[in-house]
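First comes the structure, then the notes that go with it.
Whatever order the structure lists ligands and atoms in, that order sets their numbers, starting from 1. All values below were derived from every heavy atom in this structure, side-chain atoms included, with hydrogens, water molecules and symmetry-related copies excluded. Note that the structure is a prediction, hence the values are computed from the model and not measured.
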Amino acid sequence: MSTSLDIPALRVLRLLAAAEGPLSGEAAARQLNISRTAVWKQINILRGYGYTITSHGRNGYRLVEVPNAAVPTEVLPRLRTRSFGHAYHYLATTPSTNPVLSGLADRGAPEGTVVIAERQEAGRGRMSRGWFSPPDAGLYFSLLLRPTVDVARVTSLPLVVGLAVADALAPYLPDGEPRVKWPNDIWIGSRKTCGILCELQTQRGGGQYVIAGIGINVNLEVQILPAELREIATSVKMATGRTVQRAELMAALLEHLEQGYDVWQRQGLAPILEQLRERDALLGRTITVEQTGGTVTGTADGINPDGSLRLRLKNGQAESVYSGDAHIRRP
Ligand code: BTN
């Protein structure tokens with residue numbers, strides 16, 4: 001785990017990257033004003049992040065390969081945010097990033113803190129579903145938000161997160177993609193590439209925070225998808241054939257998330273309703289929304305300023321739907 005923008009591993013990495021030949025432990029220790037043991041420790045951290053670093057006896061270390069991963073040493077130098085991601089906790093594996101971040105939040109972690117995992121053993125989705133989280137394939141992370149707005153407004157937050165994710169993914173995809181599927185998903189074509197799980201936690205002293213859990217299928221290949229997901233899931237790579245640099249995407253995501261969240265805190269959903277309409281996966285489609293109390297069917301007519309979905313019913317009446325799972329009905 002690491003938490004500051006200029007971390008020791010990054011300083012060692014910069015020396016390794018700049019070295020013409022092998023970098024001796026002694027030279028690195030001298031330049032960084034740390035011990036050789038401390039240099040060796042950072043080399044091992046870098047190896048744990050997936051860097052290939054060869055040892056050359058007394059001559060030192062050589063950087064051979066940089067991983068395509070959202071490790072702190074690749075993301076932090078690319079960050080252009082005011083605070084989002086400045087506290088950045090990277091885990092090789094964990095059951096789920098949401099409870100890890102919740103623990104940090106309870107101990108006072110600042111807004112914008114990120115917990116990201118290369119792999120989740122028990123990734124959690126909405127409605128007690130799971131989230132398939134294999135290594136080398138996606139971005140699975142949780143972002144801590146401490147909104148100061150009325151708690152009732154927090155229900156519209158997943159749409160703000162969704163639009164930010166869509167805007168960050170757009171440069172990697174053909175025009176018009178991806179789309180935001182109310183209330184919590186991102187689609188490419190008619191398949192899901194990202195799921196969002198926002199959990200509001202109320203603390204004993206009356207405080208509240210939101211854990212925004214975001215899972216994105218980035219470089220996932222169809223062969224590793226379980227059979228039951230093959231018809232409904234996709235990834236950026238499956239859609240385009242191209243491999244995405246995950247650290248670059250992660251830095252862009254945090255920038256879009258911070259900008260979107262700032263606007264939402266000040267003005268709510270109103271300033272982004274037009275953009276949501278342009279990216280709306282359901283607009284004009286006949287859909288059925290599954291809710292705890294039953295189902296409702298109608299034509300999707302956009303999103304209201306409070307984040308609810310506007311449905312035009314068969315009898316011409318308008319109805320607002322506040323939660324549920326939306327399914328497009330095939331003609
Ligand atoms: C859904 O579509 O049902 C929501 C999926 C949310 C998955 C992300 S991955 C990071 C974070 N940790 C989890 O266990 N879940 C969320």
Side-chain donor/acceptor of [X] to backbone N/O of [Y], under 3.5 Å:
X	Y	answer
Arg285	Ala281	no
Gln208	Gln203	no
Glu118	Asp136	yes

Applied to residues 295-310, the side chain to side chain donor-acceptor pair (under 3.5 Å) test, sequence neighbours excluded, yields Thr288-Thr297, Asp301-Arg312, Asn304-Ser308, Asn304-Arg310, Asn304-Ser320, Asp306-Ser308, Asp306-Tyr322
Using side-chain contact (heavy atoms from CB on, under 4.5 Å) as the criterion, point out the one residue from Ile43, Leu16, Thr54 that pairs with Leu63.
-> Leu16
Looking just at side-chain N and O atoms, do Trp40 and Ser35 make a donor-acceptor pair shorter than 3.5 Å?
-> no
Which atom pairs, nitrogen or oxygen on both sides, join ligand 1 and the protein at under 3.5 angstrom?
from: ligand 1; atom 1: 2 (O); to: Lys192; atom 2: NZ; distance (Å): 2.6
from: ligand 1; atom 1: 3 (O); to: Arg126; atom 2: N; distance (Å): 2.6
from: ligand 1; atom 1: 12 (N); to: Thr97; atom 2: OG1; distance (Å): 3.1
from: ligand 1; atom 1: 12 (N); to: Gln120; atom 2: OE1; distance (Å): 2.9
from: ligand 1; atom 1: 14 (O); to: Ser96; atom 2: OG; distance (Å): 2.7
from: ligand 1; atom 1: 14 (O); to: Gln120; atom 2: OE1; distance (Å): 3.4
from: ligand 1; atom 1: 14 (O); to: Arg124; atom 2: N; distance (Å): 2.6
from: ligand 1; atom 1: 15 (N); to: Arg124; atom 2: O; distance (Å): 2.7

